[in-house]
Peer 1: 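Handing you a structure now.
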Amino acid sequence: MKPKNLSEIPKAYNPSDAEGKWYKYWYDHNLYHSEVDETKVPYTIVIPPPNITGILHIGHILNNTLQDIYIRYKRMMGFNACWVPGIDHASIATEAKVVAMLKEKGINKKDLTREEFLKYCYEWKDKYGGIIFEQLRKLGVSCDWQRERFTMDEHYYRKVIEAFVKLYKEGYIYRGYRMVNWDPASKSAISDEEVFYKEVKGNLWHIKYPVKGTDDFLIVATTRPETMLGDTAVTVNPNDERYKHLIGKTIILPIVGREIPVIADEFVDMEFGTGAVKVTPAHDVNDYEMGLRHNLQIINIFNEDASTNENVPEEFRNLDRYDARKKVVKKLEKLGALLKVEDYTHKVGYSQRGNVPIEPYLSEQWFMKMDELAKPALEAVLKGKIKFHPEHWVKTYEHWMTNIRDWCISRQLWWGHRIPVWYHKKTGEIYCEVDPPADIENWTQDEDVLDTWASSWLWAQDVFTNELDQKYYYPTDLLVTAPDIIFFWVARMIIAGMHFMNDIPFKDVYFTSTVRDTQGRKMSKSLGNSPDPLDLIEEYGADALRFTMTYISPLGQDVHFSNEMVEIGRNFANKIWNAGRFLLMNAQNIEINPELADKHIDFTDRWIISRFNRTLKEFADAIDTFEVNAASKILYSYVWNDFCDWYVELSKERLYKGSEEEKSAVLTRALKLYEEMLKVVHPFMPFITEEIWQLIDERKEGESISIENFPEYDANRIDPDAEEETGFLQEIVTAVRNIRGELSIPPSKNINLLLKSSEVTEGQIRYIKSLVKADKIEVNKNLVKPKASASSIVKSCEIFVPLEGLIDLDKERVRIEKEIERISKSLEGVKKKLSNENFVSKAPAEVVEREKAKQKDWENALEKLESIYNDLKE
RNA sequence: GGGUUCUUAGCUCAGUUGGCUAGAGCGUCUGCUUGACGUGCAGAAGGUCACAGGUUCGAGUCCUGUAGAACCCA
């Protein structure tokens, strides 16, 4: 080992210097490219492809940090690690952006041909599609950039089309005229999963519907009065005594004047509203089904943009649905048909993309039959072939999969994978193949494209573009994703995997926490509570942000994030930096000699090595069980508490006072241990660990900590004796420091120490002396307590700090009193337990033994404390 | 309405198959220009584990109920 000669090491770690430099180094040396290598076991992750319209948000930080931790860890463990990056074309979102962009330029999509429009889309993608990866690189992700994919790459596009054709031929895909969720802004169907429900303050309008040929009338209550223009019936519950006599009668629809029947259907809830329901089969899902049951006329009153069409009276035509509502209400009022208006809060479906209320709308769409396809995918998860972390998502998955409904996969858009179906111009015959028909002039291709998720569901299998790769890397190992796309993407990827590959797409799925603000609100642009990760990286450093995210994100729970929390990571990085700085500064004067690395070993060395190996074991267990949060805490506590607070402090004794050879041995060993520690931290904090790793020894061009071997746990290095010996030392030191603190003995004041014990060793005395700033330590099992002294008890050892005149005896008395009280209380509990015969006979022997030992220890301590206390009273 | 999850120190969270003298970080208080670090060091205070029952020798942990919160589905 040959640490660099450093004239000056900054007191604080400066991330911005290190980050750009090392990312470029990794990138230039292509360190994270993976090729098929049969001699190595692959470990594969496919990135959840961000949307090309998307920019980096705090959720991406968590998600990609987790993936990077796993990929870096496995790479260092010797796996052939492959992390495939890529982006998603995002049909609806992108098309909306491009349309808006064109509009600003004064171009109307309608005036463009499909080809012209797609050209604009690709231009847009080239301009903005790569931004998010530039941002992710700032985070330090070790993706294989040579494998970057896009859902509309030629190979991938073809795979999507092949999948459609296969499913069509197998009978899973059909075309139908159905009620769909219509987004009137993008003028496209969307799937059930793309609808979210918002609570909206609205009204319940009570409208009077006259019964033909009588003075009688029915009152219907509705939240959407404008749809009455398309009513074709009124329904009551057949058991409703109030309305039985009206069933079969005819209503004259106000405004429109259409004659519509009163029908009976069990579906109607007698309790809701007035118990009489207007039926608009073309614009409500339940009404549509009722319409089918009763053979009702279906009148569509809206255009594609949800404005009223020619099926309504002339004065109401060409109005936006909300304008139509106002006008209808006004008219009803004028006609005396409006009885009352109530405030009413209800949930309204909105388009997730366009954020406009969706319109239930009848249209011809392509659907996928899901129930049969879902079965193997459900089984794969229930039988544990795919494991979810945390496991409880299995229930949500199961619930959705067992109640799965057919999937509307067509979208009335141009940007995306065009449906490979051609209609014969004369015969109307349908042709569905990957390649167009030979006599293309006689056919017209379906205008629609596929739902984006009907392309990204092949992501795990078709980012691999040749058979060899696919065979080697598939199934992938881990998918890290947000739980809100469990249905959209995770479930469908499993379905696709089982159907097309006859195998699972990934072995483990890690569902991340949802990042919220400190008030528990979701991060959103409109609330302005969403921090820009790039600002955070600039302020605190990428490592700090990465570490903080893992440190604060509990498994399976939402995380409450605020910018100041990143200080946790920044401070931790600084701690690591300064421990390194300490060793490097000493290396300027003390020779590093690898031959001495195993010389002058004492119990503190064996202790830190033991602790390190325990840490390795705990760390690996946490990573293997996907408890990343726990893993980060294990790291934190080893680095900060064990290594810095104790080991570095202990080492000073020998570093400053040892022989030249001892100094050399101690520093060499400490640097070695520090280097191993850096490797363990590296997957979490890649930049700082690389920066220091490059400083502590001479490295060749192309070498990197990121491709070093991860330290291996060695059970033989677990050393209970050294742990015991160091633990005893730590307890004594802490007890003395406690006395100093509690009795306000200034740190500048050196003390003498008397230890009444037969168990304290010479080795321990040396360290105690340096850690508590003692001039003299006397150890003797027959010591007599000096009168004016402070005391403490650690196991069998009594500690006395004689400080005539310097300690306040009243304070000391209170301190001992408190200690007596605390131990008495604990002792009481133990005694109570042990005097319970049931406990002694039924509890495991081991537990009983432990309680007995406690009793002995505490009784012992109490006896000593009481004697000390009596002594103080004199 | 159905499902899932949560409620532990002022705040954010750990607490594995019940054995606990209930932990950590932040914040608070006291002291510290200690030859790595004030982004730090040393010490301290702070909790009838939401509430009520039950199972058990033993419950923060298991069961039932109540109250409150969040998310998903309809």
Side-chain angles (χ1 to χ4, degrees), chain A residues 9-13 192-193 195-197 285 347 349 390 392-400 403 483-484 486-487 514 516 518 520-522 540-541 544 548 551-562 564-586 621-622 625 627 629-630 633 636-637 640-641 644-645 648-649 652 655-656 733-734 736-748 770-773 815 822-823 825-830 832-844 846-848 850-851 854 857-858:
Chain A
I9 309 162
K11 270 176 94 166
Y13 169 60
D192 292 338
E193 287 71 32
V195 179
F196 71 98
Y197 291 86
V285 180
K347 293 210 167 168
H392 72 248
W393 289 107
V394 170
K395 288 185 182 170
T396 307
Y397 177 80
E398 183 181 10
H399 189 255
W400 190 73
N403 297 292
D484 52 352
I486 184 170
F487 309 134
T514 302
R516 297 170 178 279
T518 43
R521 300 175 305 182
K522 267 193 173 174
Y540 298 99
T548 300
Y551 191 84
I552 65 173
S553 296
L555 182 63
Q557 229 56 58
D558 291 348
V559 54
H560 293 225
F561 178 87
S562 69
E564 302 75 56
M565 287 175 175
V566 188
E567 288 174 13
I568 298 171
R570 184 199 58 183
N571 296 356
F572 185 51
N574 194 239
K575 193 70 186 172
I576 293 172
W577 176 257
N578 271 288
R581 181 167 180 259
F582 169 78
L583 298 174
L584 285 169
M585 281 167 72
N586 277 288
D621 286 349
T625 51
E627 295 170 281
N629 177 243
K633 286 179 174 162
Y636 190 89
S637 115
W640 204 305
N641 304 124
C644 293
D645 287 348
V648 168
E649 292 306 319
K652 286 178 180 172
L655 244 28
Y656 297 150
V733 169
T734 305
V736 178
R737 284 173 174 170
N738 176 286
I739 289 172
R740 285 198 103 115
E742 294 264 291
L743 301 181
S744 311
I745 300 168
S748 53
S770 92
L771 291 180
V772 303
K773 294 196 77 180
R815 208 177 66 89
R822 190 179 67 85
I823 296 181
K825 228 169 128 189
S826 306
L827 182 62
E828 217 172 289
V830 174
K832 205 173 143 197
K833 259 190 196 172
L834 286 167
S835 63
N836 182 342
E837 263 180 51
N838 276 323
F839 173 73
V840 180
S841 60
K842 287 187 181 172
E846 187 193 305
V847 174
V848 177
R850 211 181 310 155
E851 293 299 315
K854 277 188 212 166
D857 284 355
W858 288 336

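All values reported here derive from a predicted model rather than from experimental measurement. Heavy-atom basis, side chains included; hydrogens, waters and symmetry copies ignored.
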Peer 1: Starting at the 5' end of RNA chain B, which residue's closest nucleotide do you reach first, A/E851 or A/K395?
Peer 2: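 This one resolves to A/K395.
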Peer 1: Between A/W640 and A/Y636 (judged by ring centroids, cut-off 6.0 Å), do the two rings come close enough to count as a pair?
Peer 2: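 So the answer is yes for these two rings.
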Peer 1: Check whether any side-chain nitrogen or oxygen of A/K854 sits under 4.0 Å from OP1 or OP2 of B/rU21, and answer yes or no.
Peer 2: yes
Peer 1: So that I can tick it off, tell me whether A/K395 and A/E398 are bridged by a salt bridge, with the cut-off set at under 4.0 angstrom between side-chain N and carboxylate O.
Peer 2: no
Peer 1: Assign each of A/E567 and A/R581 to its nearest nucleotide of RNA chain B by heavy atoms, then name whichever residue's nucleotide is nearer the 5' end.
Peer 2: A/E567
Peer 1: Sticking with atom P, work out how far B/rU48 lies from B/rU61, rounded to a whole angstrom.
Peer 2: 16 Å
Peer 1: Out of B/rA36, B/rC20, B/rC37, which nucleotide sits closest to the side chain of A/K11?
Peer 2: B/rC37
Peer 1: Below the 4.0 Å mark, does B/rG58 have OP1 or OP2 next to a side-chain nitrogen or oxygen of A/K832?
Peer 2: no
Peer 1: Counting side-chain heavy atoms from C-beta on, which of B/rU4, B/rC32, B/rA70 comes nearest to A/R516?
Peer 2: B/rA70
Peer 1: If a stem is a run of at least 3 consecutive Watson-Crick or G-U pairs, both distances under 3.5 Å, which stems include RNA chain B?
Peer 2: B:1-7 with B:67-73, B:10-13 with B:23-26, B:28-32 with B:40-44, B:50-54 with B:62-66
Peer 1: Is a donor on one side and an acceptor on the other found under 3.5 Å between the side chain of A/S553 and the backbone of A/V559?
Peer 2: no
Peer 1: Looking only at atom C1', what distance separates B/rG38 and B/rU30, rounded to whole Å?
Peer 2: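 Their C1' atoms lie roughly 16 Å apart.
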Peer 1: I need the minimum non-hydrogen distance between A/L743 and A/R815, along with the two atoms involved.
Peer 2: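 Minimum heavy-atom separation between A/L743 and A/R815: CD2-CD, 4.4 Å.
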Peer 1: I'd like to know if the side chain of A/N574 and the backbone of A/R570 have a donor-acceptor N/O pair within less than 3.5 Å.
Peer 2: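 No, A/N574 side chain to A/R570 backbone: no donor-acceptor pair under 3.5 Å.
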Peer 1: Pick the C1' atom in B/rU66 and in B/rA24, then give their distance to the nearest Å.
Peer 2: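 About 32 Å, rounded to a whole number of Å.
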Peer 1: Name the closest nucleotide to the A/P747 side chain, picking from B/rU39, B/rC32, B/rC20.
Peer 2: B/rC32
Peer 1: Name the closest nucleotide to the A/N571 side chain, picking from B/rU5, B/rC57, B/rU39.
Peer 2: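 That would be B/rU39.
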Peer 1: Using only side-chain N and O atoms of A/N578, determine if any of them is under 4.0 Å from OP1 or OP2 of B/rG40.
Peer 2: no
Peer 1: If you measure from the P atom in B/rG15 to the same atom in B/rU8, how many Å do you get, rounded?
Peer 2: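 14 Å, rounded to whole Å.
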Peer 1: What are the atom names and distances for every N/O pair under 3.5 Å that joins the protein to nucleotides 7-15 of chain B?
Peer 2:
none

Peer 1: Find out whether A/T548 and A/F572 are in side-chain contact, i.e. whether some heavy atom of one side chain is under 4.5 Å from a heavy atom of the other.
Peer 2: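 Contact flag for A/T548/A/F572 side chains = no.
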Peer 1: Which nucleotide, B/rU4, B/rU39, B/rU21, lies nearest any side-chain atom of A/W858?
Peer 2: B/rU21
Peer 1: When you compare B/rA69 with B/rA59, how far apart are their C1' atoms, in angstrom units rounded to a whole number?
Peer 2: 24 Å
Peer 1: Would you say the side-chain atoms of A/N578 pair up with the backbone N or O of A/K11, donor to acceptor, closer than 3.5 Å?
Peer 2: yes
Peer 1: Please give the distance between the P atoms of B/rG23 and B/rA9 as a whole number of Å.
Peer 2: 14 Å
Peer 1: Taking atom P of B/rU5 as reference, at what distance in whole Å does atom CH2 of A/W393 sit?
Peer 2: 10 Å
Peer 1: Given the C1' atoms of B/rG65 and B/rG19, what is the spacing between them in whole Å?
Peer 2: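 B/rG65 and B/rG19 have their C1' atoms separated by 27 Å.
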Peer 1: How close or far is atom P of B/rG18 from atom NZ of A/K842, stated in whole angstroms?
Peer 2: 17 Å
Peer 1: Classify every nucleotide of nucleotides 41-48 of chain B by which part a protein heavy atom approaches to under 4.0 Å, writing B for the base, S for the sugar-phosphate alone and - for neither, in 5'-to-3' order.
Peer 2: SSSSS---
